[in-house]
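One structure below.
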Amino acid sequence: MADFVEIYEVGPRDGLQNEKRLISTADKLSLIGKLAVCGFRRIEATSFVSPKWVPQMADAADVMAGVPRRAGLSYAVLAPNLKGYEAARAAGADEVAVFASASEGFSRANLNASIAQTMDRLKPVAEAVLSDGLRLRGYVSVVTDCPFDGKVAPSQVAKVASDLLSLGCHEISLGETLGRGNPREIAAMLDAVLNEIPADRLAGHFHDTGGLAIRNIDVALEKGLRVFDASVGGLGGCPYAPGAAGNVATETVAHHLAAAGLDTGLDLERLKEAEIFAKTLRSKA
Ligand code: HMG
Ligand code: MG
């Protein structure tokens, strides 16, 4: 049997959060409905963040109320603080993703807090998520390049990833937010993180601004990672990372992995339908 590699779908969250035009809840649910039949194990549906910071995600509770429930499919959501987590739990999230930054500049821009303040803020969130029996995922952003502080040291990524793991995250997703990191830099960053955390607890989250995401995925595969975040239709960007383009496209990753003889469990024809629909949601500007 082929080696299994999970594609963790982030389009409805990371993909849509940056769209300038307000996408209706109905369109978000149509997208999630098309993704729900593709065979994903996890879809990141929305985020319970401050609507003042990310207006596009203001309908998080309505989105979660409308997602189709299917056996074997979990819905993950982002939560930056206890307020977000409480709303996420009430809305029926299966998995909660908390997020921190490897650089101080991005931490301030994305979370209005230092890295240390973020960890303090996340501690009670993690405790609540775990005591409620939900799964906790952790993100580290800007793992090679920060739009404010420049190059990020691999040791700093390893430290933040370890701190998130200590909070009880079952998986740490390494966010190459700007899509600037090259395969050599990704390898050095992964080596530092793998000194602290085994590959089966890590995921790769590559934005594709520089067109290097697939090569970076190959580096991560080589180092043993088996979970990759991707966004259908290549939707996305990050509102607090100027210049960041979309995540690597789910369909590109799925075809690439299939060609390498790896099994993603995805139905590529249904994925094509989701891709076509996702592209209609993109701003025309
Ligand atoms: P703050 O302004 O310091 O927070 O923001 P605050 O506690 O002072 O609250 C300000 C207002 O927001 C208050 O409302 C709060 O009630 C409300 P007011 O009293 O003024 O009417 N508020 C909330 N409302 C709903 N849900 C909440 C919530 N929290 C506060 N959870 C805060 C701090 C963390 C809240 C803010 O910075 C924030 O929401 N940041 C999130 C930014 C974001 O979503 N970024 C994109 C996701 S991360 C990403 O894309 C990277 C990733 O993909 C990996 C990668 O690529 O690197 C994951
Ligand atoms: Mg991202």
Side-chain angles (χ1 to χ4, degrees), residues 8-19 44-62 64 76-91 93 95-103 105-115 117-122 124-125 128 137-148 152 157 160-161 164 169 171-181 186 189 202-209 213 216 228-231 234-250:
Y8 173 101
E9 173 59 46
V10 296
R13 194 281 303 172
D14 206 349
L16 296 184
Q17 72 182 7
N18 204 37
E19 278 299 321
E44 202 167 85
T46 184
S47 59
F48 288 83
V49 296
S50 170
K52 292 191 173 138
W53 285 65
V54 186
Q56 187 68 259
M57 296 284 113
D59 61 351
D62 295 334
M64 283 307 294
V77 302
L78 251 54
N81 52 20
L82 262 182
K83 185 180 174 93
Y85 170 58
E86 276 155 16
R89 181 187 50 192
E95 178 160 340
V96 174
V98 293
F99 47 110
S101 165
S103 75
F106 188 71
S107 189
R108 182 63 58 194
N110 198 40
L111 290 156
N112 201 22
S114 67
I115 300 171
Q117 285 167 335
T118 300
M119 289 301 167
D120 287 346
R121 192 189 271 165
L122 293 182
V125 177
R137 179 178 224 240
Y139 277 104
V140 185
S141 284
V142 295
V143 297
T144 59
D145 294 82
C146 168
F148 310 103
V152 176
V157 180
V160 174
L164 285 172
C169 294
E171 177 178 274
I172 307 296
S173 179
L174 299 166
E176 209 285 84
T177 320
L178 294 193
R180 278 188 205 154
I186 293 294
M189 180 277 294
L202 297 173
H205 178 108
F206 300 112
H207 286 254
D208 203 21
T209 321
N216 291 338
F228 294 99
D229 302 352
S231 176
L235 289 174
C238 175
Y240 294 101
N247 290 86
V248 63
T250 307

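Any value given below was found using the heavy atoms of this structure, including those in side chains, with hydrogens, waters and symmetry copies removed. Indexing begins at 1, ligand by ligand and atom by atom, following the structure's order. None of these values were measured; they are calculated from a predicted model.
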Can you sort out which atoms of ligand 1 are near [X], meaning under 4.0 Å from one of its heavy atoms?
X: Gly84; answer: 31 (N)
X: His205; answer: 53 (O), 54 (C), 55 (C), 56 (O)
X: Asp14; answer: 50 (O), 53 (O)
X: Ser141; answer: 51 (C), 54 (C), 55 (C), 57 (O)
X: Leu78; answer: 47 (C)
X: Arg121; answer: 34 (C)
X: Pro51; answer: 24 (N), 25 (C)
X: Asn110; answer: 37 (O), 40 (N), 41 (C), 42 (C), 43 (C), 45 (N), 46 (C), 48 (S)

By side chain to side chain donor-acceptor pair (under 3.5 Å), which residues pair with Asp145, not counting sequence neighbours?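 Result, side chain to side chain donor-acceptor pair (under 3.5 Å) vs Asp145: Lys151.
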Hey, what's the ring geometry for Tyr139 with His205, parallel, tilted or perpendicular (30° and 60° as the breaks)?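 Tyr139 and His205: perpendicular rings.
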If you look at every heavy atom in [X] and [Y], which pair is closest and at what distance?
X: Leu164; Y: Cys169; value: O-SG, 3.3 Å
X: Ser231; Y: Gly15; value: OG-CA, 3.7 Å
X: Ser101; Y: Val160; value: O-CG2, 3.7 Å

Partner residues of Phe228 under the ring pair (Phe, Tyr, Trp, His ring centres under 6.0 Å) criterion, sequence neighbours left out: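 Per chain and number, Phe228 pairs via ring pair (Phe, Tyr, Trp, His ring centres under 6.0 Å) with no residue.
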Name the option, out of [options], that contains the heavy atom nearest to [atom].
atom: atom 57 (O) of ligand 1; options: Val54, Thr177, Val49, Val143; result: Thr177
atom: atom 35 (C) of ligand 1; options: Val142, Asn81, Leu174; result: Asn81
atom: atom 21 (O) of ligand 1; options: Lys83, Glu86, His207, Lys52; result: Lys52

Quick check: of its N, O or S atoms, which one does Asp14 have closest to the Mg ion (ligand 2)?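 For Asp14, the N/O/S atom sitting closest to the Mg ion (ligand 2) is OD2.
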Phe48, any N or O under 3.5 Å of ligand 1 N or O: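 Looking only at distances, the answer is yes, because the N/O contact criterion of under 3.5 Å is met.
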Going by distance only, is there an N or O of Val140 that falls short of 3.5 Å from an N or O of ligand 1?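 The answer is no, given that Val140 and ligand 1 share no N or O pair closer than 3.5 Å.
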Please determine whether any non-hydrogen atom of [X] lies less than 4.0 Å from an atom of ligand 1.
X: Glu176; result: no
X: Ser47; result: no
X: Met57; result: no

Between Leu235 and Leu16, does the side chain to side chain contact (heavy atoms under 4.5 Å, CB included) criterion hold? Intermediate values first, please. CA-CA 7 Å; Leu235 289 174; Leu16 296 184; 3.7 Å; yes
Specify side chain, backbone, both or neither for Ser50, according to which of its non-hydrogen atoms lie closer than 4.0 Å to ligand 1.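 Both backbone and side chain.
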Evaluate Arg121 against Gln117 for side chain to side chain donor-acceptor pair (under 3.5 Å), listing each step before the verdict. CA-CA 6 Å; Arg121 192 189 271 165; Gln117 285 167 335; over 6 Å; no
One pair to check against salt bridge (Lys or Arg N to Asp or Glu O under 4.0 Å): Asp229 and Arg137. What are the steps and the verdict? CA-CA 12 Å; Asp229 302 352; Arg137 179 178 224 240; 2.9 Å; yes
